[in-house]
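To start, the structure under review is shown below, and the notes come after it.
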Amino acid sequence: MKKSTKILLIVAAPLLLVAAFYGYHSCRALSLDSGVYLSGDGSGGPESALNMLQFSKTLPQGIVCRALPDQLWANNLDPKAFLEIGAAAEYFFKTYGINEKRIESKFSQRYEKDSLEGELRSKWGEGTVITRYVKEDSCFRLSKEIKAEAADSVVSLKTSLSGDSSLYVGRRKNGIVTECVACKWHDGRCDEVISEDKMELDPVSGKLLGYASKTRETYVEGSLYVGNEFYADKMLFDSLQRLVEYEYGDRVFHYEYSSNDTTNYSVNILDKSGRKVGFYKRKLKENREIVKYGTDRYEMEITRYYENGKLIKETSEKNNFYESVVSRIKLFNPAGDEVLDSTFEEETFLPGLRMDSYAGIIKREYGENGKLKNYVQFEERFVRPFPFIFFPPLSESRKEVVRFVFAYDDAGQLLSIADESEDENWALRAGLPAVRRVVFSKGKFENFEECKEPYDPLKRLKPKRRSSKKSSKKE
């Protein structure tokens with residue numbers, strides 16, 4: 001063999017290997033299921049089958065029957081969660097945006113939380129009611145959410161700003177909620193069914209045998225909608241209350257367990273044809289719990305660390321194949337409160353490539369009384385000299401986007417939550433309303449005028465027309 005031929009082979013062989021490697025991954029990336037189904041949220045696919053496996057682990061404790069939140073805001077502090085019975089909270093916002101223009105408007109809204117009394121208690125039982133007042137020009141619009149529980153039932157009634165109401169009624173059996181029906185509530189009666197959830201229990205042992213659900217509620221880009229079409233699914237369980245079959249429309253998935261061990265086990269998820277489309281593994285080793293699961297589109301690994309039976313640390317890594325890699329760490333104090341939530345995310349198309357690095361960091365600080373003092377959120381951007389994994393990312397910018405400071409009186413009662421960060425535009429980037437200040441107080445909201453005109457959700461976003469006349473100052 002000629003020397004030139006040898007040199008050519010030595011040079012060409014690595015190039016061919018690299019081309020074959022990336023050619024394989026390019027074909028695999030293009031062959032993956034898009035993961036988008038008729039419902040628009042991926043329901044019915046392997047990801048949904050995996051989610052149902054994790055959801056099924058909570059069912060032996062009963063169905064959660066309550067009104068769903070209007071919006072899902074991940075990793076965002078909700079001051080309403082700190083509202084106590086008999087107290088009120090007034091919010092001051094700064095919002096932006098219509099037709100991609102930065103139109104700033106200031107408005108306030110108020111929440112009140114009270115125990116059910118009088119006629120409401122007679123009708124719904126023992127529970128609470130949260131009333132929301134939203135200011136619109138010189139009048140206020142009201143919405144309410146009632147929650148009540150009894151020995152044999154739970155009730156949640158939600159009335160929106162437009163006056164539309166939804167009623168959720170749950171029935172208890174053997175001490176847990178086994179049935180939940182939601183409907184549109186009008187003039188004291190149900191007009192349309194929104195959702196139905198029902199568990200089937202063994203009449204002798206009380207163990208879970210099956211679960212069926214149908215709903216018209218769905219989240220689209222974080223906002224809740226009630227559609228016209230029902231989406232239904234069913235589950236079947238074995239004698240150990242483990243999910244063995246999940247059915248969604250014409251799609252059926254089966255779950256095969258490696259053993260009857262409920263501590264260390266693995267599960268294979270199979271589609272109707274018997275093809276493996278997902279997996280779930282759990283292993284408990286000393287003071288660590290390791291969970292791995294995934295489909296052909298992504299894999300997730302979570303490690304939880306315990307000390308004296310309490311969770312002190314959680315790390316995770318999610319690889320969305322040919323899309324992104326996300327690493328996350330959470331730290332907890334001895335009381336079980338989360339003190340750090342740090343996420344690092346990078347886009348990746350082919351193995352080894354890394355682009356658009358981003359970190360989100362949330363820190364919580366607690367006082368000696370165990371109450372939250374500070375909530376701080378950071379955004380950090382990174383850049384790599386070259387878009388490959390072996391070039392470490394370099395910090396390009398780090399910004400504090402929100403800093404909530406909690407103020408208490410001498411008795412430990414919450415007085416206010418204020419955003420003391422310098423950046424007032426973080427909500428514009430996040431697409432969320434910026435809560436600048438929340439003031440807490442006792443008592444009810446008095447001397448207010450309720451709006452009489454029909455609710456127009458776009459009204460407060462419309463810019464007001466400026467007057468052509470110049471205003472004169474009074475001397």
* Asked: Shortest non-hydrogen contact from Ser143 to Thr159?
  -> CB-O, 2.9 Å
* To do: Can you establish whether the number of heavy atoms outside Asn369 located under 6.0 Å from its atom CG is more than 12?
  => yes
* Is the shortest side-chain N to carboxylate O distance from Arg282 to Glu289 below 4.0 Å? -> yes
* Asked: Counting only heavy atoms not in Lys57, do more than 12 sit closer than 6.0 Å to its NZ atom?
  -> yes
* List the steps and the verdict of side-chain contact (heavy atoms from CB on, under 4.5 Å) for Tyr211 and Ser56. => CA-CA 9 Å; Tyr211 169 81; Ser56 69; over 6 Å; no
* **Sequence neighbours excluded - salt bridge (charged side-chain N to carboxylate O under 4.0 Å, His left out) pairs with any residue from residues 344-363** => Glu346-Arg354, Glu346-Arg384
* Over 12 non-hydrogen atoms of neighbours within 6.0 angstrom of NZ in Lys442 -> yes
* Of all residues at least two apart in sequence or in a different chain, which pass the side-chain contact (heavy atoms from CB on, under 4.5 Å) check with Ala150? -> Asp152, Ser153
* For Lys371, does the NZ atom sit with more than 12 other heavy atoms under 6.0 Å from it, leaving out its own atoms? -> yes
* Decide if atom CD of Gln61 counts as having more than 12 heavy atoms of other residues, nucleotides or ligands within a radius under 6.0 Å. => yes
* Quick one: ring-ring contact (aromatic ring centres under 6.0 Å, His included) pairs with a partner in residues 276-297, sequence neighbours left out? -> Tyr280-Tyr293
* **Near-ring test Phe82/Phe440, centroid separation under 6.0 angstrom** => no
* Charged N to carboxylate O below 4.0 Å: is that the case for Arg297 and Glu323? -> yes
* What pair of heavy atoms forms the shortest contact from Met199 to Leu59, and how long is it? -> CE-O, 3.4 Å
* To do: Answer yes when Asp341 and Arg328 have at least one side-chain N-carboxylate O distance shorter than 4.0 Å, and no when they do not.
  => yes
* **Nearest atoms (heavy-atom pairs only) where Val154 meets Cys65** => CG2-CB, 3.9 Å
* Closest non-hydrogen atom pair between Leu284 and Asn264, with its separation -> N-OD1, 2.5 Å
* Derivation of the salt bridge (charged side-chain N to carboxylate O under 4.0 Å, His left out) call for Arg172 and Glu149 -> CA-CA 10 Å; Arg172 294 186 190 274; Glu149 294 196 26; 2.7 Å; yes
* Salt bridge present between Glu314 and Arg304 (N-O < 4.0 angstrom) -> yes
* Which atom of Leu116 lies closest to which atom of Lys147, heavy atoms considered -> CD1-O, 4.1 Å
* SB check Glu365 Lys373 (cutoff 4.0 Å) -> yes
